[in-house]
Structure formats: C-alpha cells, structure tokens
Protein chains: 2
Amino acid sequence: MRTRDENKEAAIREKALKMIVKEGFDGFSMQKLARAAGVSPATIYIYYKNREDLLNSLFNEIHKVFIANALENFSPGLSLEKGLWLQWKNRLGFILANPAHFFFLEQFRHSPLINHKDISNSEFKENMKGFCINAIKRGELARMEPEIFWAVAYGPFYSLVKFHLQKKSMMGNDFKITDHKLKQVLKMVLTALKP
Amino acid sequence: MRTRDENKEAAIREKALKMIVKEGFDGFSMQKLARAAGVSPATIYIYYKNREDLLNSLFNEIHKVFIANALENFSPGLSLEKGLWLQWKNRLGFILANPAHFFFLEQFRHSPLINHKDISNSEFKENMKGFCINAIKRGELARMEPEIFWAVAYGPFYSLVKFHLQKKSMMGNDFKITDHKLKQVLKMVLTALKP
DNA sequence: TTTGTAAGTGAACGAACGTTCATTTATCTT
DNA sequence: AAGATAAATGAACGTTCGTTCACTTACAAA
C-alpha cells in the first residue's frame, strides 16, 4: 500500500492554524485549507472525519503541547515561589515563541466549539494538587478552594500576557512584559496567597 | 414615508446575539438570522451595511452597556476596597443577569474581528485613573503601572467568573461564586495591592 | 514483477453563503 | 385624496461551502 506523506498532514495542520488565527473560524474553510496546504480537499478527509474533527484534533494537540511545556522542570516539591515562577516563565516562553498557538487556544476556548469537549489533564491536575498541599504544609499558602488558588495565582499572569500581546492595552499604552515586572507581580501574588 | 419598525431591529439584534452565542461566528449567517428574526434578508441591509458592520455594531453596543453598568454608583473618590468591591459586584451582576452578552463579548474579543476595532472608553479610563491616584494618595495602593494594577485587581475576579460559568471547572468541580468567596478574594487582592 | 491496498486526486454534488434588485407597502406631507 | 419616500420584501445573483465519489498513483508484500 501507498505510504502516508507526513509533510501533507503537517502542512494541513500548520495552514489550518494560521488561517484560523488570521481569519477566525468563519474565515476558515476546507477548500481554502486544501488550496493553502497544496492538497486536494478529499485528502483532508483521509486524515480527519470532518471539519469539526479537524478543529478538535488541532485543539487537543496544541493544548497538550502547551500543558507539557508548562510542566517542564516542574515538581510538586518546589516552593510556592519557585514553582509559580517556573510555571509562569514556562508559559510565557511558549506563548512568546508561539503566539499563533496561544491565539488559537484562546479563540477556541471562547467559542462554542469548546462545549463539545472536556478539557482536563489528569497529570497536570495531580501535579497542581501535590504542589498546593506541599505549599500549605510549608506555611507558604493559605488553605483555599482550588479555583480560588488558580484565580489569584494565574489570573494576574494571564492578564499581563494579554496586555503584552495587544497593540494598545487598555490605557492606550504599549505595555510589554519584562522579567522585572513579572517578578513584581509574583511578589504581590505571593503576598496575597500567604496564610 | 414609511416609519421604521423598531421591533424589527430589536429582533435582529437579539436573534443575532443568541445565534452567535450558540453557534459561533461560523454558525451565524445573514440568511439564518433573517429567518430567525422573521424579516427578509434585505431588511437587515437597511439597518447594517453588511455582516461585519452588524457584528461590530453589536459589539460596540453591548460593550458600552457593560461598561456603563460597571460604573454604576462608582466614584473615583471611593476607597480602594469599596470601589473595587462595587465594580466587581456590578460586573458580576451584569454577567449573571446577561450571560449571553458576556459570552458574546468574550468570543468577539478573542476572535480576529477585534483587530479591526479600537476598544477604549475614555470616561472609564478617567474614572480608573482618578480612582488609582486617590488610592495611592491615601496609602491604600502601591504605585505601579496601570496594566499591573488591572492584572492584579481584575485578573483574579475574571478567572473566578469564568470558573463559575463553566460546567466543569478545571479540577472537575462545579465551582460557584458566592459573596463570601468573592470577599475572600477581595481581601487577598487588597493585600497584594497594599504598598 | 505482479498484485493488493491505502494514499491521494480533480471534479462534482446540493446546500448555503453574502448581497442586490425590482417591486410592494405603509406612513408622512401636502 | 394624492403624492412622495423610505421601509420592507421575496426572489435571485454568482460564489463558496462541506463533503463525496470514481478514479489514479505509489508502495509493501507476494
């Protein structure tokens, strides 16, 4: 039998991502994608059941890569400060290196497409759970619901990231994240989380 | 001359909002909208130049209403705690009363449609600026960049809101905001913002 | 070298897309 | 009551949509 041309699938996924980021889900079509990737429309249906399947597959893969990157060098035994800093840096590094991937994830997450899915990564959950328990034991973290922890520990970080990625952020400024600013916010967040 | 039927435009806007929230921008079409609103496709073009104009108009109006609601009873002279609490409560009240409006705003904001626009409300900016200056003078707030203030003061709040609106939030729980939890997070945020 | 089979194709399907247009309808001014 | 005019319409425009299908191509096993 004929062997699959891996370049074809890679081209399909890459062009799909770019098209969605530039034109949104309504500007994205299978025929345009085929043209952009240099394949026949029918070829796409060898790799994916249909349009929705392609979009879901794209989201799943990118989300997995994102989480894996966030957990790089992470261990639940790290101190709250070191662990949080590492995760922030990991995430920021990925986002700045792959802004299109992040735009895609955010666009997907905030669209109705997300309703047909169940996003959750048990490896990630286990890590975070252990991380919190250890921090509480060590007296670095007050006892609180996981969602509240997440909101305080990651909400400010992601707000900063979004300002960074916008041309004009809120006040008309051109805000850019620096290590110094990130450290400044980390200190504030750690103060908030302290028992 | 014949007079405009205001019910028609209201129906168009309402059905457009619902369709977009349920089916996304790619599930939304002018012909489906006309059918849902009980008008002719051509009628929509009396009120809006084209599809993009309709979407922009919808976003502008809803965003304006949202900001106006957030500023209700607000004054830059309020203490940091009172002012922040009021804004959180205003926003939460609106979002819970009009979840579809919030979904629409978020979906639009995270789509490429937002690139063609310039979101900024000078009345809101003036209010926030005065609010911060006063809080700094009073010693309730450390001096910091506006984006950092926003990230710490509103990032956690919006994270909570998003958990509340999801069926299964992160850890598989069914998280719901209560006044008590909101106050708990407010205390944490105020601690972080203190000089 | 033949053969089986999955990969890959271009053309085509009916349906739906955004938008326009000739026409009718309702209301204001006279 | 007549005339003017903008609102409103249904049908239609050409285009593009997601998907399928009959067919060709390339490669592994025989």
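Computed from a predicted model, the values in this text were never measured in an experiment. Residue numbering restarts at 1 for every chain, and letters A, B, ... go by the order of the sequence lines.
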(request) Tell me yes or no: between the side chains of A:Arg13 and A:Tyr48, is some donor less than 3.5 Å from an acceptor? (result) yes
Under 3.5 Å, which donor-acceptor pairs do the side chains of residues 96-109 of chain B form with other protein atoms, sequence neighbours left out?
residue, atom, partner, partner atom, Å
B:Asn98, ND2, B:Phe94, O, 3.0
B:Glu106, OE1, B:Lys162, NZ, 2.8

Measure all distances between protein nitrogen or oxygen atoms and nitrogen or oxygen atoms of nucleotides 27-29 of chain D, and list the pairs falling under 3.5 Å.
residue, atom, partner, partner atom, Å
D:dC27, O2, A:Met1, N, 3.1
D:dC27, O2, A:Met1, O, 3.3

(message) Going by side chain to side chain donor-acceptor pair (under 3.5 Å), name the residues that satisfy it together with A:Lys22, two or more places apart in sequence or in a different chain.
(response) none
(message) Without decimals, in angstroms, what is the distance between B:Leu33 CG and D:dA8 C1'?
(response) 15 Å
(message) Checking A:Arg138 now: which residues fulfil salt bridge (Lys or Arg N to Asp or Glu O under 4.0 Å) with it, not counting sequence neighbours?
(response) A:Glu140
(request) Evaluate the side-chain proximity of A:Gln87 to A:Phe157: yes if any heavy-atom separation is below 4.5 Å, no if none is. (result) no
(request) Figure out the CZ/P separation between B:Arg35 and D:dT9, and round it to whole Å. (result) 15 Å
Below 3.5 Å, can you tabulate the donor-acceptor pairs from side chains in residues 184-195 of chain B to any protein atom, sequence neighbours excluded?
residue, atom, partner, partner atom, Å
B:Lys187, NZ, B:Glu81, OE2, 2.9
B:Thr191, OG1, B:Lys187, O, 2.8

(message) Going by salt bridge (charged side-chain N to carboxylate O under 4.0 Å, His left out), name the pairs with one or both residues in residues 90-101 of chain A, residues two or more places apart or in two chains.
(response) none
(request) With sequence neighbours excluded, tell me which residues meet side chain to side chain contact (heavy atoms under 4.5 Å, CB included) with B:Ala68. (result) none
(message) Tell me the interatomic distance from B:Asp5, atom CG, to C:dC28, atom P, rounded to whole angstroms.
(response) 13 Å
(request) Calculate the interatomic distance between A:Leu54 atom CG and D:dC17 atom P; express it in whole Å. (result) 14 Å
(request) Measure from CE on A:Met30 to P on C:dA16 and round the result to the nearest Å. (result) 18 Å
(request) Specify the separation, in whole Å, of atom CG of B:Asp26 and atom C1' of C:dA16. (result) 14 Å
(request) Rounded to the nearest angstrom, tell me the gap between atom CZ in A:Phe25 and atom P in D:dC17. (result) 16 Å
(message) Among residues 40-52 of chain B, which ones have heavy-atom contacts with DNA chain D below 4.0 Å?
(response) B:Ser40, B:Ala42, B:Thr43, B:Ile46, B:Tyr47
Only pairs under 3.5 Å count here: list side-chain donor-acceptor contacts from residues 124-131 of chain B, not counting sequence neighbours, and write none if there are none.
residue, atom, partner, partner atom, Å
B:Asn127, ND2, B:Glu123, O, 3.1

Polar atoms only, N or O, under 3.5 Å: list the protein pairs with nucleotides 13-15 of chain D and their distances.
none

(request) List for me each residue that meets salt bridge (Lys or Arg N to Asp or Glu O under 4.0 Å) alongside A:Asp5, sequence neighbours excluded, and say none if there are none. (result) A:Lys8
(request) Using side chain to side chain contact (heavy atoms under 4.5 Å, CB included) as the criterion, list what pairs up with B:Ala11, not counting sequence neighbours. (result) B:Ala37
